[in-house]
Amino acid sequence: MAFSHCTSCFLLFLSLATVMVSSVSSKKFDELFQPSWAQDHFIYEGELLKMKLDNYSGAGFSSKSKYLFGKVTVQIKLVEGDSAGTVTAFYMASDGPTHNEFDFEFLGNTTGEPYLVQTNVYVNGVGNREQRLSLWFDPTKDFHSYSILGTSVKLYF
């Protein structure tokens, strides 16, 4: 699939997760990203950015710039315990009703169940390309890196 007409803006939405922002201070973070909602749910601890989920809201942020192609890598550590009904995700999406979008989502689970990652691709506003993968490791024990690499002709998750 070619996405040469897709000016994608990297959007990262997280709930019940901790994100490692490598070598980026909160000032630098503010230069590159903007909160999408619930700015009071962001907690900066040095190079660590925590985003709080409570009974009222989660939190999310997006890049201030748009990118046509490139690689996005995040380091995420999910919280332990029962997280059924929540989704921790990052994705790239273009604007408009016939948008293109690349999703990478961690589905919440019941304690003791394996964690699942769900991917999806939207082309010209049409999705229905979900893939679910069982993780072979526990994403709550440490930070793990996850990437999306987009070129003019291919997409790699």
Side-chain angles (χ1 to χ4, degrees), residues 1-39 41-53 58-79 86-108 115-157:
M1 284 183 274
F3 299 102
S4 60
H5 295 96
C6 170
T7 304
S8 296
C9 180
F10 169 61
L11 301 173
L12 179 60
F13 295 94
L14 296 172
S15 60
L16 284 179
T18 303
V19 180
M20 176 68 78
V21 182
S22 299
S23 303
V24 178
S25 68
S26 66
K27 180 180 178 189
K28 182 71 170 177
F29 181 87
D30 291 342
E31 292 172 8
L32 300 173
F33 302 99
Q34 58 195 12
S36 300
W37 70 89
Q39 190 164 1
H41 283 55
F42 288 81
I43 303 162
Y44 299 98
E45 294 179 359
E47 292 183 355
L48 191 67
L49 169 63
K50 293 184 177 182
M51 297 165 64
K52 181 174 76 171
L53 173 71
F61 61 86
S62 63
S63 62
K64 290 184 176 181
S65 298
K66 293 186 177 191
Y67 306 94
L68 188 55
F69 305 112
K71 181 178 180 183
V72 175
T73 300
V74 295
Q75 292 180 322
I76 299 174
K77 179 181 178 184
L78 300 178
V79 296
T86 63
V87 175
T88 299
F90 73 98
Y91 64 93
M92 295 176 70
S94 63
D95 296 329
T98 58
H99 73 288
N100 298 313
E101 181 176 314
F102 321 124
D103 298 347
F104 198 98
E105 305 168 333
F106 296 90
L107 304 180
Y115 282 85
L116 296 176
V117 169
Q118 177 172 293
T119 61
N120 197 1
V121 176
Y122 286 78
V123 178
N124 295 321
V126 178
N128 298 319
R129 295 173 175 89
E130 290 93 354
Q131 298 276 323
R132 287 189 178 181
L133 308 165
S134 295
L135 295 178
W136 59 95
F137 58 90
D138 186 345
T140 69
K141 297 300 180 198
D142 203 354
F143 286 95
H144 298 277
S145 296
Y146 306 94
S147 299
I148 297 175
L149 171 62
T151 71
S152 62
V153 295
K154 291 192 179 187
L155 178 69
Y156 302 92
F157 286 86

Exercise for the section: Return the set of residues passing side chain to side chain donor-acceptor pair (under 3.5 Å) with Thr98 (not counting sequence neighbours), or none when no residue passes. Expected result: none
Problem - Nearest heavy-atom neighbours spanning Ala59 and His41 - result: CB-CB, 3.8 Å
Practice task
For Asn124, check side chain to side chain donor-acceptor pair (under 3.5 Å) against everything at least two apart and list the hits.
Solution key: none
Problem - CG-CG distance between Asn100 and Asp95, expressed to the nearest 0.5 angstrom - result: 11.0 Å
Problem - Shortest non-hydrogen contact between Ala38 and Gly58, atoms and distance - result: CB-O, 3.1 Å
Exercise for the section: With Tyr146 as reference, evaluate Phe90, Tyr91, Phe104 under the ring-ring contact (aromatic ring centres under 6.0 Å, His included) test and give the passing residue. Expected result: Phe104
Fill in the blank from the handout: side chain to side chain donor-acceptor pair (under 3.5 Å) filter on His99, not counting sequence neighbours, yields Glu101
Practice task
Pick out which of Thr119, Asn120, Val117, Val121 makes a side chain to side chain contact (heavy atoms under 4.5 Å, CB included) with Gln131.
Solution key: Thr119
Practice task
For Glu45, check side chain to side chain contact (heavy atoms under 4.5 Å, CB included) against everything at least two apart and list the hits.
Solution key: Ile43, Leu48, Lys50
Practice task
Starting at NZ of Lys77, measure out to OG1 of Thr88 and round the result to the nearest 0.5 Å.
Solution key: 13.5 Å
Handout entry: By side chain to side chain contact (heavy atoms under 4.5 Å, CB included) - contacts of Gln34 (at least two apart)
Key = Ser62, Lys64
Completion exercise
What one should report as the nearest heavy-atom pair of Pro139 and Phe137 is CD-O, 3.2 Å
Problem - Atom pair CH2/CZ of Trp37 and Phe61 - distance to nearest 0.5 Å - result: 10.5 Å
Exercise for the section: Applying side chain to side chain donor-acceptor pair (under 3.5 Å), name anything that partners Asp103, two or more places apart in sequence or on another chain. Expected result: none
Exercise for the section: Go through the steps to decide whether Leu135 and Phe106 satisfy the test side chain to side chain contact (heavy atoms under 4.5 Å, CB included), and finish with yes or no. Expected result: CA-CA 10 Å; Leu135 295 178; Phe106 296 90; 4.1 Å; yes
Exercise for the section: Check whether any side-chain N or O of Thr73 sits under 3.5 Å from a backbone N or O of Ser147 as a donor-acceptor pair, and report yes or no. Expected result: no
Exercise for the section: Kindly compute the distance separating CD1 (Ile76) from CZ (Phe143), expressed to the nearest 0.5 Å. Expected result: 9.5 Å
Exercise for the section: Could you walk me through whether Leu107 and Arg132 pass the side chain to side chain contact (heavy atoms under 4.5 Å, CB included) test, one step at a time? Expected result: CA-CA 9 Å; Leu107 304 180; Arg132 287 189 178 181; 3.5 Å; yes
Exercise for the section: Quick one: pull up CE in Met92 and CG in Leu149 and give me the separation to the nearest 0.5 Å. Expected result: 9.5 Å
